[in-house]
Amino acid sequence: MLNRDRWREILEVLTTNWFRTVLTAFGVFWGILILIILLAAGKGLENGIRANFGSIATNTVFMWSQSTSMEYKGLPKGRRFNFKLEDVTAIRREVGNLRFVSPRNQLGGFNGANNVVRGIKTGAFNVYGDYPDIINQDPMSITSGRFINHLDIDEKRKVAIIGEGVRSSLYEMGEEVVGTYIKIQGVNFTVIGTYKKNSNNGNAEEAQKEIYVPFTSFAQAFNQGDNVGWMAITAKDGSSITQLKEQVFEVVRENRKIHPQDLRAIGHFDLYEEFSRVVSLFGAMRWIAYFVGILVLLSGVIGVSNIMLIVVKERTKEIGIRRALGEDPWSIRLQILMESVFLTIISGMAGISFGALVIYLINYVLDANGPVEMFANPSVSLGVVLIALLILIISGLLAGFIPAQSAIKVRPIEALRAE
Amino acid sequence: MGSNSLHVLKGINFSVEEGELVAIMGSSGSGKSTLLNILGMLDVLDEGSYTLDGVPIKNLNETKAAQYRNKFLGFVFQSFNLINYKSAMENVALPLYYQKVGRKERQEKALKYLEQVGLREWADHLPSELSGGQKQRVAIARAMAAEPKVLLADEPTGALDSTTSYEVMDLIQKINDAGNTILIVTHEPDIADMCKRIVHLKDGVIVEDKKITQVRASQYV
C-alpha cells in the first residue's frame, strides 16, 4: 500500500503544479493554524486565571456561623452561636475523604483600627489564629524563619509569622525580624518567621499584611475559649468538597442544635464550586476554538477536494491507460485518497509547526515583558496536536473521497478517448 | 453518452486461433474499434458471447475486468498512451506492478522486454525524450511485459511515418513469430498485408475474412 512507486506518484502529481499545490495547501494550513492558535489562546487565558486562583487549594470550602433562622429543641430563632473545637474533631471523625479541617479565629479585618504595635510604629493587620495545616490550604512561601508547628499549638506559644507587608510597615529596611517582639492588642508575640503570598489578583497587597499565630495561643490571649470563628475544609484529591460539604454541615447542625432544615445558620463559600464554574467556561472556550477552527479548516478541505477533482479530470486519460493495463479500481481510489491525505497532512503539519512558532514567540514576548493580567503561558498539549492530526487525516479522506469516486466512475474506454 | 442506442456491431461471428496475426480492416464507422474494445474488455457487449482462452467473459465487475485485462491482454494504442512522467522502464513495468510483482523482478523483466524492442539504452528516458517509433516500441514492450494471451493493437502505426511503421510492424511480426496471438485494427492496406489474416468489417458485419501470405516488414526496414 505504501511503496516507493506510490510515493513517487504522489510527489509527481503534487509537484507538477507547484503554485496550485501551495495555494491549496494554504487553505488547510490556515485552518489548522487558526485552530491551534485559538486553542493556545484559550489555554493561555485558562493558565492566567488559574494563576489568579493562586496555589490555594481549590477543593476547599470556607464556613462560618451566622444566626439561626428556625426554632429547634426549644431554642429560639435568631440565636447567635459559635463553632466549637469539638465540632472540628467531630467533622474529622464523621466525614470521610477530608484532607484538612482547619479552624481559625480572626482579629482585625478590612479597615480595622490599629491593632499591632512595635516600638513607636503601629499598624492595622488581620491576625489569624491557625493550625499548621492552613499553609497547605492557603499556600505561602516562608521567606525567613518558620511557620507554626504542632509544638506551638500544644504549648500555646505566643509566636507570630508576619507577612512581608507587615514587616515593611513595622521594621526598618534590612532589620532582623526573627526573634523580635510585636504587641498584638496588648499581648506580646515573638516573631518567628516572615512569609510572602504569590497571588497576583486584587488582594495581593492585602494578602501580605497578615499575621499568623497558633490557634491555641490566640484563643488564650484573646479570650476565645474553644470558640472557632470559621473553618477551612479541604477534601482529598479525587472527591469534591461540593459533595462532601452537606455532610459537614449536618455534623455541625447536630452538634450546635440547629434545625436540620435551617440553611441560613451556617454561611459558607465554596471555592470548588466557583472554580468549577470557571473551569466549565474553559471547556466552553475550547469548544468554540474547535468549532471555529474546524469550520475554517473545512473551507481548506473543500479547496483540497476541488483541486483533487481537477487533478482527476486532468489525469482522466492516464487513469484510463492504467485501467486498460489492469490496475484495480481500488488501487486508483487509494491513490487519489492518499494524494489528498498526504497534501492535507503536509499542509496541516506546516500549520501546526507555524502555530507552535507563533506560540513560542508569544511566550517569548510575555517572558520578556513580564506577566500580563489573566494571560499566561499559551500552549497546546501533545494530545491537542494528535487530535489535530486525526482531524487532518479524516478531512483528507473526506476531501479525497468524491474525487476518488469520480476517478473510477469514468469507464476506461471513455477515459482513453479523452484528450 | 446519449440515450439513443446505436447498433454498431450487428452479428459478428469469428474466432482467432492461438498464434494468429489478424488485421481487422474497415472504413471509419465500420465498428472495428468497437470490436477491439469489446475484445479488450474495455467495452461491454449487449448480446452474444465472448470466450477468451476457454473463459467466458461476461458480467464482469470493474475489479474482475481489470484483473482479466492485466492477465490476458496487452494493449497498443495509436497515440501510444505512455504515462509521461514515468521513464520507459517504469512504463513497461506498470502491468507487472499491478500484478504485484516485486520491484526488482519488475525492473529486470522490463529491461528484458525493452531489450527485445531494442530500447534498452533508453530505459531511463521519459516518453517526451523518445521519438514516435520509440514510444510505440515502448508501448509494445509494455503490452508484452505481462505476457498476455492476446495483444490488441488499435492503429499501432496510425501516428507514425511509413518507415517507422514498418519498423514497428517488423517488431510485431517477430513477436508473432515467437507464438503470440495478435489482433491489429488498421485501415492501411500495406499494414494489413503484413498480417496473416485479414477481416474486413463494413457497417458492423464481416464482409470478408481471408488468410493471406504475409509480407515481411523486414524487407522495407
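In what follows, chains carry the letters A, B, and so on, assigned in the order in which the sequence lines appear, proteins first and then strands, with residues in each chain numbered from 1. All figures in this text were calculated on a predicted structure; none of them were measured in a lab.
Residue contact with chain A, scored on non-hydrogen atoms closer than 4.5 Å, involves the backbone of B/Leu82 exclusively. Heavy-atom distances place both the backbone and the side chain of B/Tyr85 under 4.5 Å from chain A. Looking at B/Lys86, only its side chain comes within 4.5 Å of chain A, counting heavy atoms on both sides. Of the two parts of B/Tyr68, neither the backbone nor the side chain holds a non-hydrogen atom closer than 4.5 Å to a non-hydrogen atom of chain A. Interface remark: B/Gln99 contributes no atoms to any contact with chain A (heavy atom separation under 4.5 Å). Proximity to chain B (any heavy atom under 4.5 Å) is restricted, for A/Glu12, to the side chain, taken from C-beta onward.
Other residues, nucleotides and ligands contribute more than 12 heavy atoms inside 6.0 Å of the CG atom of A/Asp367. Within 6.0 Å of CD on B/Glu18 lie no more than 12 heavy atoms contributed by other residues, nucleotides or ligands. Atom CZ of A/Phe291 has 12 or fewer neighbouring heavy atoms from other residues, nucleotides or ligands inside a 6.0 Å radius. Heavy-atom contacts from other residues, nucleotides or ligands closer than 6.0 Å to CZ of A/Arg20 number more than 12. Taking a 6.0 Å sphere around OH of A/Tyr360, one finds it holds 12 or fewer heavy atoms contributed by other residues, nucleotides or ligands.
A pairwise comparison of heavy atoms in B/Tyr97 and A/Arg6 identifies OH-CG, 3.6 Å as the closest pair. When all heavy atoms of B/Asn70 and A/Gly326 are compared, the pair lying nearest together is CB-CA, 3.7 Å.
Atom-to-atom distance recorded for B/Leu94:CG and A/Arg322:CZ is 7.0 Å, nearest 0.5 angstrom. The structure places CD1 of A/Ile321 at 8.0 Å from CG of B/Asn84, a figure rounded to the nearest 0.5 Å.
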| said: Applying side chain to side chain contact (heavy atoms under 4.5 Å, CB included) to B/Arg142 and A/Leu325, what does each step give before you reach the verdict? | reply: CA-CA 9 Å; B/Arg142 180 176 70 183; A/Leu325 294 180; 3.5 Å; yes

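Residues A/Arg323 and B/Arg69 meet the side-chain proximity criterion, which asks for heavy atoms closer than 4.5 Å.
Counting heavy-atom pairs closer than 4.5 Å to chain B, the top-ranked of the candidates A/Pro329, A/Gly320, A/Ser331 is A/Pro329. Heavy-atom pairs under 4.5 Å with chain A peak, among B/Lys64, B/Arg106, B/Met41, B/Lys71, at B/Arg106.
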